Amino acid sequence: MKLRPLARSFFSRDPRLVARELLGKLLIRNRGRNVLAGRIVEVEAYLGEDDPAAHAAAGMTERNRVLFGPPGHAYVYFIYGQYFCLNVSCQPQGKAGCVLIRALEPLAGLEEMARARGLTNGARRESFGGARLQSCRSRIGEQAALAAEVNLTGKRKLTTGPGRLCQAMGITRARDNGKDLTSPRSSLWLADDGFRPRRILRTPRVGINRAARRLLRFVIADNYFASGKNG
DNA sequence: ATATCGATTATCT
DNA sequence: GATAATCGATATG
């Protein structure tokens, strides 16, 4: 399947539209020979200065200035003393707004991700593949299939959650804040592989106090890798 | 299965 | 000095 980068114009719109349409797209990390990739399955829209929950609400500061710059760039911030979160700037230059990427379905570089997340201990180490799960079911039987599902559970811990996915892909403020996400030559970029979500859910945003009732979280319905419920 | 809590620091008031 | 767009561990039903 061919990968198409997302154009600058894709991001130069209302964050609610961008959020909805980012579902199903790919986030790709190029690190020399290594490629880490995941499909976006959960996002949140943060509007401009009229959204009290947005970092842009109080106007431009040193931290959030990427939000006021050109669309399609990474806004990475540090939170709770230990995690990073990745956003994509939206709206034309001068107008703030962004989409927070909250969960990925991991597709490539899972061993690397597990290492970055500190999940390489013991039984979780091996066998992340879906193909292997199929083969377990047919060849080895129920016992092994059960073991493979344990691995699937582990797989969910790689990139479900905004802090986790940044850790898995090595995304930090120092490395990635302000980076252009529309170019395949960038070490971090967004792509369309033709996938379209079947059904999309809207819910309140997670972990905020202000404007807590607005339905600005978008999730691919029934996706195993979205945060919250289990698969 | 749900609830609560501690970690740890850049950023803003 | 208080807060925070989180996570993982622990406690409890």
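In the text below, chain A, chain B and the rest are named by the order of the sequence lines, each starting its count at 1. Because the structure is predicted, anything quoted here is derived from the model rather than measured.
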Would you sort out whether A/V76 and A/T172 count as a side chain to side chain contact (heavy atoms under 4.5 Å, CB included), showing the intermediate values? CA-CA 7 Å; A/V76 181; A/T172 67; 5.7 Å; no

Describe the nucleic acid contact of [X] in one word from base, sugar-phosphate, nothing, applying a heavy-atom distance below 4.0 Å.
{"X": "A/F78", "answer": "sugar-phosphate"}
{"X": "A/G81", "answer": "base"}
{"X": "A/L100", "answer": "base"}
{"X": "A/C98", "answer": "base"}

Do A/L27 and A/L86 have side chains that approach each other closer than 4.5 Å (heavy atoms only, starting at C-beta)? yes

Among side-chain atoms of A/T203 and A/R217, is any donor-acceptor pair under 3.5 angstrom? yes

Could you please name the option among C/dC7, B/dT13, C/dA4 that lies closest to any side-chain atom of A/A58? B/dT13

A/R173 side chain, from C-beta outward: closest of B/dT11, C/dG8, C/dT6: B/dT11

Return yes if some donor-acceptor pair links the side-chain N/O of A/H73 with the main-chain N/O of A/G178 below 3.5 Å, else return no. yes

Any side-chain to backbone donor/acceptor pair from A/R4 onto A/A191? Under 3.5 Å, distance only. no

Using OP1 and OP2 only, check whether a side-chain N or O of [X] sits under 4.0 Å from [N].
{"X": "A/R117", "N": "C/dG8", "result": "yes"}
{"X": "A/R210", "N": "C/dT3", "result": "no"}
{"X": "A/R217", "N": "C/dA5", "result": "no"}

Could you tell me the separation between the [atom1] atom of [X] and the [atom2] atom of [N], rounded to a whole number of Å?
{"X": "A/R156", "N": "C/dG8", "atom1": "CZ", "atom2": "P", "value": "12 Å"}
{"X": "A/I79", "N": "B/dT11", "atom1": "CD1", "atom2": "C1'", "value": "10 Å"}
{"X": "A/L119", "N": "C/dG8", "atom1": "CG", "atom2": "P", "value": "7 Å"}
{"X": "A/F84", "N": "B/dT11", "atom1": "CZ", "atom2": "C1'", "value": "13 Å"}
{"X": "A/Y75", "N": "B/dA10", "atom1": "OH", "atom2": "P", "value": "15 Å"}
{"X": "A/Y80", "N": "B/dC12", "atom1": "OH", "atom2": "C1'", "value": "15 Å"}
{"X": "A/R63", "N": "C/dT3", "atom1": "CZ", "atom2": "P", "value": "15 Å"}
{"X": "A/R102", "N": "C/dC7", "atom1": "CZ", "atom2": "P", "value": "7 Å"}

Whether A/F84 and A/F78 hold their rings parallel, tilted or perpendicular, with breakpoints at 30° and 60°: tilted

Base partner of C/dA2, which must satisfy Watson-Crick or wobble distances under 3.5 Å: B/dT11

Taking a pair to mean Watson-Crick or G-U wobble geometry with both distances below 3.5 Å, C/dG8 pairs with B/dC5

Report yes or no: is there a donor-acceptor pair, N or O only, under 3.5 Å between the side chain of A/Y77 and the base of C/dA4? no

Classify the side chain of A/Q82 and the base of B/dA7 as holding, or not holding, a donor-acceptor pair under 3.5 Å. yes

